[in-house]
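Structure record follows, encoded as structure tokens.
Every heavy atom of this structure was used, including side-chain atoms; hydrogens, water molecules and symmetry mates were not. Here is how names work: the chains are called A, B, and so on, in the same order as the sequence lines, proteins then strands, and each is numbered from 1.
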Number of protein chains: 2
Amino acid sequence: MDAHSPSSSNESPWLPFESRRRARDEKREAVLRTAVALFLEQGYHRATLNDVAKRLNITKPALYNYFRGKDEILYECWSIGNELVDECIAETSAGGGSGLYKLRKLTVRYAELMTADYGKSLVRFDIRDLSEDNRKIVQTAKRRIDRAFRDYIAQGVADGSVKPCDPKLAAFAIAGSLNWIGHWFQPGGELSGRAVAEEFAIRLTEGIAKTTTQTTSTRKTTALEKADKPPRKGNASREETSEHHTRTAARAAGQSKRARSRLR
Amino acid sequence: MDAHSPSSSNESPWLPFESRRRARDEKREAVLRTAVALFLEQGYHRATLNDVAKRLNITKPALYNYFRGKDEILYECWSIGNELVDECIAETSAGGGSGLYKLRKLTVRYAELMTADYGKSLVRFDIRDLSEDNRKIVQTAKRRIDRAFRDYIAQGVADGSVKPCDPKLAAFAIAGSLNWIGHWFQPGGELSGRAVAEEFAIRLTEGIAKTTTQTTSTRKTTALEKADKPPRKGNASREETSEHHTRTAARAAGQSKRARSRLR
DNA sequence: ACTATTCATTACCCATGGGTAATATACGGG
DNA sequence: CCCGTATATTACCCATGGGTAATGAATAGT
């Protein structure tokens, strides 16, 4: 599994340190994966830190090596989900296309996020369980997501791909329906997350689209095929911020910007 | 306020008893009104029974004269909301009309419910906070609501008022959007509950309706005007079950069927 | 080998809050 | 006038669970 055995004594003295740091981050993420799953299946208040620890084969105080407290764990779970959404928005905004095209693209991706744990955490967790500071961050982020939907709709109205409507209410209607997926979707059902996402993307946007899509429900192509401007796909401006851990003595310092690894 | 002063000694010995019972029910409902408001604004777990009592100018143990415990209060709040929904469904099913008409009727009413406290309790409260028995009741009721949406859609597909689609997914999409209203709507905003309901009814059904409604958003007529079969309005089969209190010695017996007074 | 750091454990603290017991007050009926 | 019922209060119990202190076992670096 690990490629760094401590056999060769000198040569690359950084690796042990790096591998330690990596191991630590992996454990941190394991805590979050376990926590988000447990918070979702039992609810934040019913799930105890003992439960989380037990599922990881450790004890409660060990968790405090990685997090300041329960609410910080909650926040970090939410934060991962938020990063995933931010990526969706960034990619959608970066790629071109009509307002309708962007709206559908975001809808598909967002819907699929709602079928996975970290996505669900965005809509199932209660903002009031967070600290004052984190709560403000979350509120701001929520507004940003709402803005994305509204902007795409407004853009679609402007460029003619979307029927004239109130972007605010339309965004509420679409996002609400998507958010609700996070409440009812259970993996293992008859529908895969992807299938639900595709279906919802069509259903939710056909009402306001100028170009009426055929909804025969037996279609097997992607939800985006009919959008009026497929963008050139390829390099989508992968900005890699390469945030570095400044881990010093302070145990479990507030490191809300975790290394951008392939989570989930 | 009360018309029953104890001056005249005999004549109508029932009244004092009746008035006591009425007073009791009013207090019970006052508790529920306060509780639902508090549970919504603070969340069930953060809101304590002391908070509820304090807001009523009483103390915590006094609540136990009316309810067995916190979870029962939660259940009763939910139950009132559920009764309101049941009335909507009953009236909608009783009145005639096409599938689309019924779907829109239910959508409008349900949306408006979501803008009020007892309606919100249907979607904001966590089923896992209830006792085993009550949880089963709630789950059954939720399925019944879902069934209503699906039935109307399927009926619409059958009678040609709704485009062919998967009733299950369409119902999820519509109900999800409506349920989400209970999460974001705050009275006192720029939009009234009724306005939101009307707008959503149009927006959510126009995607699957065969008869495309004009969505100019400057329209001021009701959401139902274009439906293809306005039913004869009038006596809508008011079944009054006339449930009676069997209040005996047992303090706060399980009286999940409260007197059907004008709540809210 | 020696030492410092990391990370986990056991044992504990204690605020919170749902729920109960004992008790006081008001009131209707005989 | 007294009693039973209903309803409220004060004072308390105690299980729960987040969080901490003291401590022990690995491991890296010199």
Measuring to OP1 and OP2 of D:dG17, would you say a side-chain N or O of A:Asn50 lies under 4.0 angstrom away?
no
Rounded to the nearest angstrom, tell me the gap between atom CG in A:Asn65 and atom C1' in D:dA26.
14 Å
Does a nitrogen or oxygen in the side chain of B:Tyr66 sit under 4.0 Å from OP1 or OP2 of D:dA8?
yes
Could you report the tightest heavy-atom contact between B:Ala30 and B:Leu56, atom names first, then the distance?
O-CD2, 3.9 Å
What integer distance in Å separates B:Leu63:CG from C:dG17:P?
15 Å
Going by modelled atom types, is there a donor-acceptor pair between the base of C:dG17 and the side chain of B:Lys60 at under 3.5 Å?
no
When rounded to whole Å, the CD1 to C1' distance for the pair B:Ile58 and D:dA6 reads 14 Å
Distance check: side-chain N/O of A:Arg24 vs OP1/OP2 of C:dC7, anything under 4.0 Å?
yes
What nucleic acid atoms does B:Thr59 come within less than 4.0 Å of, heavy atoms only: base, sugar-phosphate, or nothing?
base
State, without any angle test, whether B:Asp129 and B:Tyr75 hold a side-chain donor-acceptor pair at a distance under 3.5 Å.
no
Among C:dT9, D:dG19, D:dG17, which is the nearest nucleotide to the side chain of A:Thr48?
D:dG17
Which of these nucleotides, C:dT20, C:dG19, D:dG18, is closest to any side-chain atom of B:Pro61?
C:dT20
Using the six-membered ring wherever Trp is involved, compare the ring planes of A:Trp184 and B:Phe172 and label them parallel, tilted or perpendicular (cut-offs 30° and 60°).
parallel
Test: A:Arg33 and A:Asp117 ion pair at under 4.0 Å
no
Can you tell me how far C1' of D:dG18 sits from CG of A:Leu74, to the nearest Å?
14 Å
Distance, rounded to the nearest Å, where A:Asn57 contributes CG and C:dA8 contributes P
12 Å
By the 4.0 Å heavy-atom rule, please label B:Ala53 as base, sugar-phosphate, or nothing.
nothing
Candidate nucleotides C:dG19, D:dT7, D:dG18, ranked by approach to the side chain of B:Lys70 - the nearest
C:dG19
Separation of C:dC7 C1' from A:Lys27 NZ (nearest whole Å)
7 Å
Figure out the OH/P separation between B:Tyr64 and C:dT20, and round it to whole Å.
6 Å
Correct closest heavy-atom pair for B:Leu122 and B:Asn82 would be CD2-N, 3.6 Å
Euclidean distance, atom CZ of residue A:Arg28 to atom P of C:dT6 [Å, nearest integer]:
16 Å
